[in-house]
Amino acid sequence: METAFDVLLKRGFVEQCTDEEGLRTLFQGKKVAFYIGFDPTAQSLHVGNLLGLMAMMHLKMQGQHPLAILGGGTAMVGDPSGKNEMRDVLTRETISRNKERIKKQLKWYLKPQEGNATIVDNAEWLLKVDLIKFLREIGSCFSVNRMLTMESYKIRLEKGLSFLEFSYQLLQAYDFWQVCQRYGCRVQMGGSDQWGNIVAGIDLIRRKEGAQAYGAVFPILTTSNGQKMGKTARGAVWLSGDILSPYEYYQYWINVDDQDVSRLLKLYTFLPLEEIEKLSLLKGEDIRLAKECLAYEATKITHGPKAAEIAQKTSRALFGQGEDYSKLPSTTINLEEIGKGIPVSSILVMTKLAKSKSEARRLIEQGGFYWEGERLKDKEFIINRSFLKGKSEFLVRCGRKKYCRVVVVEESPEEMSR
RNA sequence: GGGGAGGUGCCAGAGUGGUCAAAUGGGGCGGGCUGUAAACCCGUUGGCGUUGCCUACGAUGGUUCAAAUCCAUCCCUCCCCA
């Protein structure tokens, strides 16, 4: 019989786990609480975190009970795993700001209000911990010798590791023990860099409870030629729409490597495996169709069906047939300003297509700027009223695939709101 | 606490008084080729009012006509010893 765990296995979510048979039996039939932690170290979760969320959603659909730990306590310390440099110690204010945002995201995916999913903040127990008691009860269970041999510390042992970060593993192990007691949770999952921390928790539970706990880790997201995925020019692929618009999110998926499509479809969409198999048979140019499915489904999951549709329409309009790119991110410019004349380089900065005027000039010079589809190579060009020819909306393109809409308005937005 | 080595651009890593906005590689960006793919080739990669100016080589002061380079103090990291 196929268990919920098998679903994850088949879709390629499991890179490594402690006891495959054990997990399979555990997931047979009855509800099992399992947990994944999310530390609020940034303003938003990113596609890497989404992998865990996808796993949680899958298991939830299979009738299991996911438990998300919001790492309000652990974020105070900072996980050194997988990092090759010391982390900045985040201020309490930053953490609590991030926490609010990330909690919203977790709710969006896990929908705890429907039941069968729980979100807890580990600050709840970690902030109350008494140091001496902790060291005696938990610290005594850890062997520094053993910790030092762990892969996750290896880089950092060369580059520097403070005690603060070193102790992170104890906190995560403690977390696991806590949720084991509080929720009867005996399974933890995470990114592959979490292996060490997860195993530490399993050991702690064995020592404290004499109980068997389990762990599984997801593969690291790399492109087929070995580079880390989830990076764009603008940094990580954020899940929050106000940092990365649904359109840009959609584009990220559309632009994925051919060779990664099938794997990503399994991981980042809920499409049935048979369907994915069919899509994987596509060859050459047609692979784009599979990418469209991927992009659409993935965008639907994080931004909703409506946003996904708009993103798809916009994308098609810009790169294929169709005219409706009205939903493309746009920048408004005051007509009065245009009257005075604005250098093109400034327009590029305003539309955020270039970070600075120097960069904008460079880009124009190199022939990477297009105004209404026409290459404009004069970096000193001044946009003025006569150039607009009475139109009030323009499509601006930068490079091969970055677009922005420029809308000319009579008055500045501030004046309009007054 | 003692001794040694270091902190350079997005990253890695040269440079050890002027010729340094800083070699080289990676990454990024732009162009070409294409399928909004990969690979490959070419160009580019601090900012600005761009033949010039400003800000930058851990921080702050100092020496000098001139400092990433010399001196002082401080902060941080690594290694060895305790």
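Letters A, B, ... are given to chains in the order of the sequence lines, protein chains preceding strands, and every chain is numbered from 1.
Of the C1' atoms belonging to B:rG17 and B:rU63, the separation is 12 Å, rounded to the nearest Å. B:rC42 and B:rG47 have their P atoms separated by 24 Å, given to the nearest Å. Comparing the same atom, C1', in B:rC10 and in B:rA21 gives a spacing of 16 Å after rounding to whole Å. Comparing B:rG7 with B:rG28, their C1' atoms sit 25 Å apart, to the nearest whole Å. Rounded to whole Å, the C1' atom of B:rC57 lies 4 Å from the corresponding atom of B:rU8. Separation of the C1' atoms belonging to B:rA14 and B:rU24 is 7 Å when rounded to the nearest angstrom. Rounded to a whole angstrom, the distance from the C1' atom of B:rG4 to that of B:rC53 is 43 Å. B:rG27 and B:rA72: their C1' atoms are spaced 39 Å apart (whole Å).
Residue A:K355 contributes atom NZ, which lies 17 Å from atom C1' of B:rC48 at whole-angstrom precision. The nearest whole Å value for the distance from the CZ atom in A:F319 to the C1' atom in B:rA37 is 13 Å. In this structure, A:R288 atom CZ and B:rG35 atom P are separated by 8 Å, rounded to whole Å. Atom CZ of A:R400 and atom P of B:rA38 are 8 Å apart (whole Å). If you measure from atom CD of A:Q259 to atom P of B:rA38, you get 11 Å, rounded to the nearest angstrom. Rounded to whole angstrom, the span from the OH atom of A:Y250 across to the P atom of B:rU36 amounts to 13 Å. Atom CG of A:L376 and atom P of B:rG30 are 17 Å apart (whole Å). Summarising the geometry, the separation between OH on A:Y252 and C1' on B:rU36 is reported as 15 Å, rounded to the nearest angstrom.
Looking at every heavy atom in both residues, A:Y370 comes nearest to A:R375 through OH-NH2, 2.9 Å. Annotation for A:S44 and A:I243: closest pair CB-CD1, 3.8 Å, computed over non-hydrogen atoms. When all heavy atoms are compared, the tightest approach of A:L328 to A:R405 is O-NE, 3.5 Å.
For A:Y249, the side-chain hydrogen bond (donor to acceptor under 3.5 Å, both in side chains) test picks out no residue, with sequence neighbours left out.
Within the structure, a side-chain polar atom (N or O) of A:R361 is placed less than 4.0 Å from OP1 or OP2 of B:rG49. Contact between the side-chain N/O atoms of A:K402 and the OP1/OP2 oxygens of B:rG30 is found at a separation under 4.0 Å. Within the structure, a side-chain polar atom (N or O) of A:K357 is placed less than 4.0 Å from OP1 or OP2 of B:rG49. Note on A:S356: a side-chain N or O is less than 4.0 Å away from OP1 or OP2 of B:rC48. Between A:R362 and B:rU44 there is no side-chain N or O to OP1 or OP2 distance below 4.0 Å.
No N or O donor and acceptor, one from the side chain of A:D286 and one from the base of B:rG35, sit under 3.5 Å apart. Residue side chain A:Q366 does not reach the base of B:rG31 through any donor-acceptor N/O pair under 3.5 Å, judged by distance alone.
When only modelled atom types and interatomic distance are considered, A:E297 and A:Y268 share no side-chain donor-acceptor pair under 3.5 Å. With 3.5 Å as the limit, one finds a donor-acceptor pair spanning the side chains of A:Q194 and A:N197.
Both A:Y370 and A:S162 lie close to RNA chain B; mapped to their nearest nucleotides by heavy-atom distance, the more 5′-ward contact belongs to A:Y370.
A:L282 comes within 4.0 angstrom of nothing in the nucleic acid, heavy atoms only. At the heavy-atom level, A:L161 lies under 4.0 Å from the strands shown only through sugar-phosphate atoms. Residue-level contact check: A:Q251 touches the bases, meaning some heavy atom is under 4.0 Å from a base atom. Among the atoms of the strands shown, only primed sugar atoms or phosphate atoms (P, OP1, OP2) are found under 4.0 Å from some heavy atom of A:K159.
In this structure, A:Y168 and A:D39 have side chains that are in contact, with non-hydrogen atoms separated by less than 4.5 Å.
Judged by Watson-Crick or G-U wobble contacts below 3.5 Å, the nucleotide B:rU63 has no partner. Under the Watson-Crick and G-U wobble criteria, each requiring two contacts below 3.5 Å, nucleotide B:rG49 is left unpaired. B:rA22 is unpaired under the criterion used here, namely a Watson-Crick or G-U wobble arrangement in which both key atom distances are under 3.5 Å. Base-pair partner of B:rG43: B:rC29 (Watson-Crick or G-U wobble, both distances under 3.5 Å). In this structure, B:rA5 and B:rU77 make a Watson-Crick or G-U wobble pair, each of the two defining distances being under 3.5 angstrom.
If you check B:rG30, B:rG35, B:rA37 against the side chain of A:N255, the one that comes closest is B:rA37. When the nucleotides B:rG31, B:rG35, B:rU36 are ranked by their closest atom to the side chain of A:I287, B:rG35 comes out on top. In the set B:rU36, B:rC33, B:rG47, the nucleotide with an atom closest to the side chain of A:I254 is B:rU36. Listed nucleotides B:rG30, B:rC48, B:rA37 differ in distance to A:S358; the shortest reach to its side chain belongs to B:rC48. When the nucleotides B:rG32, B:rA37, B:rU36 are ranked by their closest atom to the side chain of A:R375, B:rG32 comes out on top.
Classification of the A:W371-A:F369 ring pair by plane angle, with boundaries at 30° and 60°, yields tilted.
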